[in-house]
Enquirer: 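Below you will find the structure I want to go over with you.
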Amino acid sequence: MSGRTYAGESASDRAGRRRRQLLDAGLELFGTAGYRATTVRLLCREARVSDRYFYEQFDSTEDLLVAVYDECTARLEAAALTALGDGAGEVGDLARRGLDAFLALVEEDPRLARVVWFEVLGVSARVESTYLSRMQRFGHLMLGVLADRDDTTALPDAAHELMASAAVGAVSNAVVTWSITGFTTERSVVTESLAQFLAGAATALARPTAGT
């Protein structure tokens, strides 16, 4: 890569811009046409870069898929965390806030749902591992709304992992169903249903009161 400045843009700036264009193209094509229907040529056409610039940034379309997936899940996580703020409040209210912000982003950009819950499945062991790891991280985020509360108790590691899997599995399945049906159910209904589910599941972490 030439290190010269061209039209006021340095080599590193040009590389960063092209990477951004390819990531945006990946989200658009993976999130509409689908990963398996997307080629390097189509990606480069959408991104308006030549093939050689694609391979300067990514080894394959799978590498780009992982990068796009990471960005999508980071956006969803950031939306939920921003809505949760300092984590103060009743568990059900926290669940509603976090879930509504999360679901609003999915509803606003359906490409996210397709990339995060559909296109990454069955691609390769590497992509599957990335998917499972990030989903488990979401599960821990959901359980984290109960962290440091006086009425909760620490679970054994294995039980905590299973509860995280159960929480994210329920939410993921609901999002998949909501997406497949074209978001016809009002978001508020989806949010409230999932918030009630998570608040109910939270009772499993509560310490039993004296005499029970």
Side-chain angles (χ1 to χ4, degrees), residues 1 9 12-82 99-139 141 165 168-187 189-191 194:
M1 183 187 301
E9 192 177 35
S12 61
D13 286 342
R14 289 196 298 275
R17 173 175 53 78
R18 290 171 187 141
R19 182 177 181 85
R20 179 71 268 155
Q21 289 169 209
L22 286 164
L23 286 165
D24 291 343
L27 175 59
E28 175 62 24
L29 293 178
F30 299 153
T32 55
Y35 171 73
R36 289 163 182 80
T38 299
T39 63
V40 170
R41 178 167 293 181
L42 288 173
L43 286 163
C44 291
R45 183 184 303 163
E46 178 72 22
R48 298 184 179 181
V49 301
S50 68
D51 289 13
R52 76 183 181 92
Y53 291 127
F54 177 92
Y55 289 108
E56 282 182 358
Q57 298 293 333
F58 303 100
D59 290 335
S60 63
T61 56
E62 182 179 311
D63 281 343
L64 177 59
L65 176 65
V66 170
V68 171
Y69 177 80
D70 283 343
E71 282 204 343
C72 289
T73 52
R75 286 174 61 192
L76 291 168
E77 184 175 319
L81 287 172
T82 298
L99 285 165
D100 192 59
F102 179 94
L103 294 171
L105 192 53
V106 171
E107 186 178 34
E108 176 186 308
D109 190 351
R111 298 173 304 174
L112 290 174
R114 183 160 181 177
V115 170
V116 172
W117 286 283
F118 295 91
E119 295 306 315
V120 294
L121 300 181
V123 174
S124 69
R126 169 203 177 193
V127 177
E128 195 81 7
S129 177
T130 300
Y131 167 79
L132 292 173
S133 176
R134 183 51 69 100
M135 287 299 106
Q136 194 70 357
R137 177 170 167 170
F138 276 136
L141 174 61
S165 294
V168 76
V171 172
S172 291
N173 193 60
V175 171
V176 166
T177 302
W178 189 45
S179 173
I180 287 174
T181 56
F183 307 104
T184 52
T185 303
E186 290 289 334
R187 189 177 82 238
V189 174
V190 182
T191 297
L194 289 174

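Treat the numbers as computed from the prediction; the structure is a model and nothing was measured. For reference, positions follow the sequence shown, starting with 1.
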Enquirer: Between Phe118 and Ala113, what is the shortest heavy-atom contact and its length?
Expert: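 What the structure gives for the nearest pair is CD1-O, 3.4 Å.
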Enquirer: Are Leu23 and Phe58 side-chain neighbours, meaning at least one heavy-atom pair lies under 4.5 Å?
Expert: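 Yes; the side chains approach each other to less than 4.5 Å.
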Enquirer: Is there a donor-acceptor pair closer than 3.5 Å between any side-chain N or O of Arg18 and the backbone N or O of Phe54?
Expert: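 Flag not set: sc Arg18 to bb Phe54 has no pair under 3.5 Å.
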Enquirer: Looking at Ala47 and Leu22, what are the two nearest heavy atoms and their distance?
Expert: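 Answer, listing the atom of Ala47 first, then Leu22: CB-CD2, 3.8 Å.
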Enquirer: Taking all atoms of both residues into account, what is the closest heavy-atom pair of Val120 and Tyr131, and its distance?
Expert: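 So the minimum-distance heavy-atom pair works out to CG2-CD1, 3.6 Å.
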Enquirer: Specify the closest pair of heavy atoms between Thr61 and Val40, including all atoms of both residues, with the distance to one decimal.
Expert: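 Looking at all heavy atoms of both residues, the closest pair is CG2-CG2, 3.7 Å.
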Enquirer: Determine whether a donor-acceptor pair (N or O, by modelled atom type, separation under 3.5 Å) exists between the side chain of Arg126 and the backbone of Val66.
Expert: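 Flag not set: sc Arg126 to bb Val66 has no pair under 3.5 Å.
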Enquirer: Counting C-beta onward and ignoring hydrogens, is there a side-chain heavy-atom pair between Met135 and Val116 closer than 4.5 Å?
Expert: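 Of all side-chain heavy-atom pairs linking Val116 with Met135, at least one is under 4.5 Å.
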Enquirer: Please enumerate all residues that pass salt bridge (Lys or Arg N to Asp or Glu O under 4.0 Å) together with Arg187, with sequence neighbours excluded.
Expert: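 Salt bridge (Lys or Arg N to Asp or Glu O under 4.0 Å) list for Arg187, sorted by chain: Asp100, Glu107.
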Enquirer: Taking the side chain as C-beta and beyond, is there a heavy-atom pair between Leu64 and Gln57 under 4.5 Å?
Expert: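 A side-chain contact under 4.5 Å is absent here.
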Enquirer: Is a donor on one side and an acceptor on the other found under 3.5 Å between the side chain of Glu119 and the backbone of Tyr35?
Expert: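 Judged by distance alone, yes, a pair lies under 3.5 Å.
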Enquirer: Can a donor-acceptor pair be found between the side chains of Trp117 and Ser172 at a distance below 3.5 Å?
Expert: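 Yes, side-chain donor-acceptor contact under 3.5 Å.
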Enquirer: Any side-chain heavy-atom pair from Leu27 and Glu71 closer than 4.5 angstrom?
Expert: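 No, every pair of side-chain atoms sits at 4.5 Å or beyond.
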Enquirer: Taking the six-membered ring for Trp and the full ring for Phe, Tyr or His, determine whether the centres of Phe138 and Phe102 are under 6.0 Å apart.
Expert: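 Yes, the ring centres sit under 6.0 Å apart.
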Enquirer: When Trp178 is tested against each of Val189, Thr185, Asn173 for side-chain contact (heavy atoms from CB on, under 4.5 Å), which residue passes?
Expert: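 Of Val189, Thr185, Asn173, side-chain contact (heavy atoms from CB on, under 4.5 Å) with Trp178 is met by Thr185 alone.
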Enquirer: I'd like to know whether Arg134 forms a side-chain contact (heavy atoms from CB on, under 4.5 Å) with Tyr69, so could you lay out the CA-CA distance, the side-chain angles of the two residues, the decisive distance to 0.1 Å, and finally the verdict.
Expert: CA-CA 10 Å; Arg134 183 51 69 100; Tyr69 177 80; 3.6 Å; yes
Enquirer: Indicate yes or no for a side-chain donor-acceptor contact from Thr181 to the backbone of Thr177 under 3.5 Å, with no hydrogens or angles considered.
Expert: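 Checked: pair present.
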Enquirer: Does the Thr82 side chain pair with the main chain of Ala79, one donor and one acceptor, at a distance under 3.5 Å?
Expert: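 Such a contact is absent between Thr82 side chain and Ala79 backbone.
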Enquirer: Determine whether Thr32 and Glu28 make a side-chain contact, defined as any pair of heavy atoms from C-beta on separated by less than 4.5 Å.
Expert: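 Yes, their side chains come closer than 4.5 Å.
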Enquirer: Could you tell me whether Arg48 atom CZ has more than 12 heavy atoms of other residues or ligands within 6.0 Å of it?
Expert: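 Counting neighbours around CZ of Arg48, 12 or fewer heavy atoms of other residues, nucleotides or ligands fall under 6.0 Å, so no.
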